[in-house]
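Reading through the structure tokens given below for one structure.
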There are 2 protein chains.
Amino acid sequence: MDNNLKNLTKKLKECNIKPSQQRLQILKFIITNPCHPTIDQIFAALHDELPTLSKTTIYNTLKLFADAGLAQEITIENNEVRYDAKIESHGHFKCKICGKIYDFNISIDDIPTEGLNDFPIETKHVYFKGICKDCLRSK
Amino acid sequence: MDNNLKNLTKKLKECNIKPSQQRLQILKFIITNPCHPTIDQIFAALHDELPTLSKTTIYNTLKLFADAGLAQEITIENNEVRYDAKIESHGHFKCKICGKIYDFNISIDDIPTEGLNDFPIETKHVYFKGICKDCLRSK
DNA sequence: GTTCCTGCAAAAGCTTTGCAGAAGA
DNA sequence: TCTTCTGCAAAGCTTTTGCAGGAAC
């Protein structure tokens, strides 16, 4: 595992981001919790470790990560931002009941497209919605 | 073309939606303008024809259409809702410069997925972002 | 008359901005 | 000391809600 603070510090430095406690903890959290937590969830989860942490800092930090290429904005829902720290091409499945977002394997680059010739594509997102296994079971 | 008011009226009635002037005009507008206009754009465009139209009605109406299956919410950006009146499987390309959203052909059902066994999927969205031809040219 | 629809105004929710104090080099 | 980071408070936007008046049947 490369989620220890030493490696995360290195990761941040490589992107010219100063490794403050707040940034390290936020990065660690989104890497170890790949369900793409909301700002609120990150805030609640880190409150014990960093009692003075503010949501402003979470917003700032995640935007910083996105600019640096460490994370990517997910727009599967339009009333809240979520982030993804995974680099590899994959899709997102959001459960309509519990709201959890799952990653799934998909070769986005293999998707055949028609009508996008000469349109330089910078980012690709695949979002599915439905009901997850856990919620299915408890129904 | 089936965009005349008579056919649209029929379409609404089939979904048990009363064909008011507001609903007819909004439906007509999103069908004839498949660039997925924002609420503001719809509001501005219909203002001449329906001077008293309110944004509340546009929000209500589009949500009504979505519930009835006449339209689908697009969440390519998380600071504004957009809608899609096209039924066939297709993807969306958003230009980062002009903000326009283009449809493109894609067989979403053919996308191979891994890890989603037993997850009933209800909706599938494919969003690409980049720069459109027009904006490329004018650079 | 009854039901449903519309639209103003206010409220709500998420995100951004301004800025002063704190932390770090 | 100087620069950068943090976090409170306020502002900004989009969307939702409450409700009274209006339209349709």
Side-chain angles (χ1 to χ4, degrees), chain A residues 5 8-9 12-13 15-27 29-30 36-68 70-83 94 99 101, chain B residues 5 8-9 12-13 15-27 29-30 36-68 70-83 94 99 101:
Chain A
L5 291 187
L8 295 180
T9 301
L12 287 179
K13 279 186 178 165
C15 295
N16 287 316
I17 295 176
K18 291 193 182 169
S20 70
Q21 270 310 303
Q22 287 88 337
R23 290 169 176 177
L24 279 170
Q25 293 300 330
I26 293 171
L27 181 58
F29 189 75
I30 61 169
H36 314 302
T38 62
I39 305 291
D40 265 13
Q41 289 167 339
I42 299 174
F43 180 74
L46 296 183
H47 191 262
D48 283 348
E49 200 138 356
L50 301 168
T52 67
L53 179 67
S54 77
K55 285 186 192 173
T56 303
T57 299
I58 302 177
Y59 280 109
N60 289 341
T61 301
L62 290 174
K63 213 165 276 281
L64 190 70
F65 289 174
D67 288 343
L70 282 175
Q72 207 181 14
E73 255 191 56
I74 294 179
T75 61
I76 198 168
E77 216 59 74
N78 54 24
N79 58 343
E80 58 188 16
V81 192
R82 290 167 183 250
Y83 284 87
K94 175 168 182 183
I101 296 177
Chain B
L5 292 186
L8 295 181
T9 302
L12 288 179
K13 279 186 178 167
C15 295
N16 287 316
I17 295 175
K18 289 193 184 170
S20 69
Q21 270 310 303
Q22 287 89 336
R23 292 169 174 176
L24 278 169
Q25 294 300 330
I26 292 170
L27 180 58
F29 189 74
I30 62 169
H36 313 302
T38 62
I39 304 290
D40 265 12
Q41 288 167 341
I42 298 174
F43 180 74
L46 295 184
H47 191 262
D48 282 349
E49 200 138 357
L50 301 168
T52 67
L53 180 67
S54 78
K55 286 186 190 172
T56 303
T57 299
I58 302 176
Y59 280 109
N60 289 341
T61 300
L62 290 173
K63 213 166 274 282
L64 189 72
F65 288 174
D67 287 343
L70 280 174
Q72 210 181 11
E73 255 190 57
I74 294 179
T75 61
I76 198 168
E77 216 60 74
N78 54 25
N79 59 344
E80 59 188 17
V81 193
R82 289 167 183 250
Y83 284 85
K94 177 169 180 181
I101 296 178

Restricting to side-chain contact (heavy atoms from CB on, under 4.5 Å), what partner residues turn up for A68(B), sequence neighbours left out? C15(B), I17(B)

From CD1 of I76(B) across to C1' of dT14(D) the rounded distance in Å is 18 Å

Straight-line distance of I30(B) CD1 to I26(B) CD1, nearest 0.5 Å: 8.5 Å

Over how many whole Å does the gap from I58(A) atom CD1 to dT6(D) atom P extend? 11 Å

Rounded to whole Å, how long is the line connecting atom CG of L62(B) with atom P of dT16(D)? 10 Å

Just jot down the side chain to side chain donor-acceptor pair (under 3.5 Å) partners of E49(A), sequence neighbours excluded, or say none. none

Tell me which pairs pass salt bridge (charged side-chain N to carboxylate O under 4.0 Å, His left out) where either residue lies in residues 16-26 of chain B, with sequence neighbours left out. none

What residues form a side-chain contact (heavy atoms from CB on, under 4.5 Å) with T57(A), not counting sequence neighbours? Q22(A), L53(A), S54(A), T61(A)

How long is the straight-line distance from NE2 of H36(A) back to CD of E80(A), given to the nearest 0.5 Å? 12.5 Å

Rounded to 10°, the angle between the first-five-pair and last-five-pair axes of the helix from dG1(C)-dC25(D) to dA25(C)-dT1(D) is 20°

Between L62(B) and I42(B), is there a side-chain heavy-atom distance shorter than 4.5 Å? yes

Less than 4.0 angstrom between a side-chain N/O of S20(A) and OP1 or OP2 of dT6(D), yes or no? yes

Please report the distance, rounded to the nearest Å, between CD1 in I17(A) and P in dT3(D). 21 Å

Nearest-Å distance, CG (L24(B)) to P (dT6(C))? 10 Å

Once each nucleotide of nucleotides 15-20 of chain C is scored for protein heavy atoms under 4.0 Å, what B/S/- sequence comes out, 5' to 3'? BBB---

Just how far, in rounded Å, is P of dC5(C) from CG of N16(B)? 11 Å

Please determine if a side-chain N or O atom of Q22(B) lies less than 4.0 Å away from the OP1 or OP2 oxygen of dG7(C). yes

Give each protein N/O atom lying under 3.5 Å from an N/O atom of nucleotides 21-25 of chain C, with the pair distance.
none

Considering residues at least two apart in sequence or located in another chain, which fulfil the side chain to side chain donor-acceptor pair (under 3.5 Å) criterion with D40(A)? K55(A)

Interatomic distance where CD belongs to E77(A) and P belongs to dT15(D) [whole Å]: 13 Å

Presence of T52(A) side-chain N/O under 4.0 Å of dG7(D) phosphate oxygens OP1/OP2: yes

Taking only residues two or more places apart in sequence, or in another chain, which ones meet T56(B) in a side chain to side chain donor-acceptor pair (under 3.5 Å)? none

Roughly, in whole Å, what's the span from CG in L12(A) to P in dC5(D)? 11 Å

Compare side-chain N and O positions of T57(B) against OP1 and OP2 of dG7(C) and report whether any pair is under 4.0 Å apart. yes

Using side chain to side chain donor-acceptor pair (under 3.5 Å) as the criterion, list what pairs up with Q72(B), not counting sequence neighbours. none

F65(A) and L12(A), any side-chain heavy atoms less than 4.5 Å apart: yes

Residues in salt bridge (Lys or Arg N to Asp or Glu O under 4.0 Å) contact with E77(B), at least two apart in sequence or another chain: K94(B), K129(B)

